[in-house]
Each structure stands twice: as structure tokens, then as C-alpha cells.
Amino acid sequence: MILPCDPRAQYLSYKKEIDEAMSRVLNGTHYILGPEVEAFEQEFAAFCTTKYCVSVANGTEALQLALRALNIGPGDEVICPSHTAVATVVGIEMTGAVPVFADIESSYFTLDATNVRRRITPRTKAIIAVHLYGHPADLDALREIADIHGLKLIEDCAQAHGALYKNKVVGSIADAGCFSFYPTKNLGAVGDGGAVVVQEAEVYERLLLLRQYGWKERYISVVSGYNSRLDELQAAILRVKLRYLSADNDRRRVLAEIYRGALRGVGGLVLPLEASWARHVYHLFVVRIPGQRDNLRRDLQGQGVGTLIHYPVPVHRQPAYLSLHGPQGLPVTEKASDEVLSLPMYPELGQEGALKAAEELKKTLLKKR
Ligand SMILES: *Cc1c(COP(=O)(O)O)cnc(C)c1O
């Protein structure tokens, strides 16, 4: 069976170093906010080419704390895609702000700037661009709108560690970059984790306060904050994996090329695109299969190829959010939800794994014609 993702394979790749890192933490004096977290924050900021990094408990809270640090809260509206992990939306809701869904463009599954412009009201305070599947959103187009209307622009980089937008590392470009280290992400812990990277000292200071009870010094809260900390074990493991992140992203890109080579010209299938201004890091390799996606997925499963759907129901169509968005449609988003299929993708999949998955997909599609 070929799994759609396999975090254990990554542990096995770096087992010796990870085991050593864990033992170092267990035998150390700090289990929370100690030397590993401090070192990881410096190393991850350097990777993202930002001045600062504040690690937090997960990617959802990275979004929440970034919004709060940028003074967004109750009564404000934040524009985001509906074609995203629901975590993007939850992060907004946690601040008391209202998520407002905009449609995506169809090439890269990222926010459509023209559609975003139409969602702006006097209450709009921010836009969250999601670099979905590992492909950056068109940040210049969104920045232009944000500047005209005095909005903050936040990057949801949870699927795009190390992706490039016009040769700049995602996370370093807008007002804040938010990351998740959920185990299957391009940089994954063995539990929950997240981080916010920023360039401005003032925002950084606010993030530090917010993540730990509003403490400036121990036991003295100067603002009302939260508890959102990365622990030392996760930080130590992330430090090991960060050293291999660029190489692992390169391996994902090689696998993407293998998929492209094997699937080019196959009918009934649309391959993912990479903009000329982008470096895709293939958190997911997502094809479109108009009309017969669900049957095909079942057949593939029977042939030993596991796939996933990101995401089967757009957020604005999920029960919890129906009243928020109302009946109006987001046509590009809804079409994408019906057609997308995520093929197996992780660095350890290997050339053979990708070739086998591609062959089975091709066979299954031919049978359906
Ligand atoms: C994974 C993810 C998040 C954050 O998820 P957590 O599980 O809270 O770490 C946010 N946005 C997107 C697009 C994601 O894929």
C-alpha cells in the first residue's frame, strides 16, 4: 500500500539524530521555553529570512496570535479563502473577528485578488493569503489592495515552508508569516507546533507577551494573553528536520517532475501548475479529475494507492459556517472541491512510489473512458 503521506518514514530517515535530540531534552533542565526553543526560533527565522520568529502551540494559534499582535479583534472582518484548511478560519474566529470568504483563481488554488476587492467593507482589517499545497499566493496583487484600504496582509504558510514568491521566502513578505508544524507538513513535529515570523520589533514583542499569559516578566501580566508555547521536545526534533528541509523540498520537487513526466497528456486529468514567479514546494501534489474523482479514488485505493482530498467541502459550505456566508456561491472554489485529488507526496515516497502511483492512476483513468 502506498500511503498518501507518511511522517514515520521521515522519523526513520533521521532516527539517530532525532533520538539524540530527544534524549538531550529529557536529560536537560527545561521542558518548556528553554534552549531548544530559543535556538529553533533563531534558526527558523534565518531560514525564512526574517528578523524574528516566535514559536507557538500550533498553526491555528499562530494565525490567532499574529492577528491579535496586529491589533485585529472583535468586530473586524478578515478576508480569507474558503478553499483552505478550516484552521485558517478558526484562527480568525479565535480573535473574535469575522471571517469573510473570497474565491480563488483556478490556476494555483490561491486567493483571487479581483474577488478579494469585492469583499472589502468599512470593517475589513486584514487579508489572509494561504499558500495552498505549497504554491505561493500572488502577494503583490494582494499587497496593492491591502495598501489602498489600509489592511494588514498575513501569510498562512502552513503548507509552504521554504516556498519562494519572486525569489523571496514565503513568510518574510507580508506583515506576518504563520506556520504549522503538524506532523505531515513539509516541516513537521511529532505533535502540534507552530510559529509566527515577523520583521517588526514591535509586533515581535507583542507576540512574546501573547504566547505566555501576557507576561513581560515572570508572574506579572501586562496584557491579557494566552498559553501557546512550543515545547522543547518538539523544538529539538524540528531543529534536526530543519537542517534537511531544503533537501526534502527538493526531493518533493523531483517527485513532482516524475508525476508530470508520467502523467503528461493523459486525458481526464489536469496537472498542477507552477507560476513563473513561484517555487512550489509540493506539500501536496494535487491533480484535478473533472466528473469522476470519487469513483477513481475508490478504484485507486483498491489498487494500493492511497489518496486524499484537500478539501472535499469548502469551508463556506460546511454546517458550522453556512450562516456566516449565506447562500451565495464561490464558483471556482466549489468546482475545485469537486475535482481535486491529492496523490501520494512525501520525500521518502521515492521515484518508484511515484511511478507506481502514476501508473495506477493512468490505468484507472483509461478504464473509465
Ligand atoms: C495545517 C494548516 C494550518 C494550521 O494547522 P494546525 O493543525 O493548527 O497546526 C493552517 N492553515 C493551513 C492552510 C493548514 O494546512
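All of these numbers come straight from a predicted model, not from anything done at the bench. Every number for a ligand or one of its atoms is a count from 1 in the order of the listing.
- Ranked by closest heavy atom to atom 12 (C) of ligand 1, the top entry among Gly188, Ala158, Ala160, Cys80 is Ala158.
- Near Val130, the atoms of ligand 1 lying under 4.0 angstrom from a non-hydrogen atom of the residue are 13 (C).
- Aromatic ring orientation, His280 versus His135: perpendicular (interplanar angle above 60°, classes split at 30° and 60°).
- Checked against the 6.0 Å centroid criterion, the rings of Tyr226 and Tyr213 do not qualify as a close aromatic pair.
- Taking only nitrogen or oxygen atoms, main chain and side chain alike, Thr84 does not reach within less than 3.5 Å of ligand 1.
- Remark: ligand 1 atoms within the under-4.0 Å shell around heavy atoms of Thr88 are 11 (N), 13 (C).
- Using the six-membered ring where Trp is involved, Tyr14 and Tyr244 have ring planes that are parallel, under 30° apart on the 30 and 60° scheme.
- For the residue pair His316 / Glu334, a side-chain donor-acceptor distance below 3.5 Å is found, with atom types taken as modelled.
- No donor-acceptor contact under 3.5 angstrom links the side chains of Gln64 and Thr95, judged on distance only.
- A salt bridge links Asp248 with Arg251: at least one charged nitrogen is closer than 4.0 Å to a carboxylate oxygen.
- Set against the non-hydrogen atoms of Ala85, the atoms of ligand 1 under 4.0 Å away are 12 (C), 13 (C), 14 (C), 15 (O).
- Using a 4.0 Å cut-off to heavy atoms of Asn58, the atoms of ligand 1 that qualify are 8 (O), 9 (O).
- Every atom of ligand 1 with a heavy atom of Ala87 under 4.0 Å away is listed here by number and element: 3 (C), 4 (C), 5 (O), 10 (C).
- Residue pairs meeting the salt bridge (charged side-chain N to carboxylate O under 4.0 Å, His left out) criterion with at least one partner in residues 289-310, sequence neighbours excluded, are Asp299-Lys368.
- Nearest protein neighbour of atom 8 (O) of ligand 1, counting heavy atoms only, is Thr60 OG1, 2.5 Å.
- Closest to atom 7 (O) of ligand 1, if we only count protein heavy atoms, is Tyr182 CD1, 4.1 Å.
- Taking atom 11 (N) of ligand 1 as the reference point, the nearest protein heavy-atom neighbour is Asp156 OD2, 2.8 Å.
- Between Phe181 and ligand 1, no N or O atom pair is found at a separation short of 3.5 Å.
- The protein non-hydrogen atom at the shortest distance from atom 9 (O) of ligand 1 is Ser180 OG, 2.6 Å.
- Tyr165 and Asp138 share a donor-acceptor pair across their side chains, judged by distance under 3.5 Å alone.
- Counted by atom type alone, Glu93 and Tyr321 present one or more donor-acceptor pairs between their side chains at under 3.5 Å.
- For atom 14 (C) of ligand 1, the closest non-hydrogen atom of the protein is Lys185 NZ, 3.1 Å.
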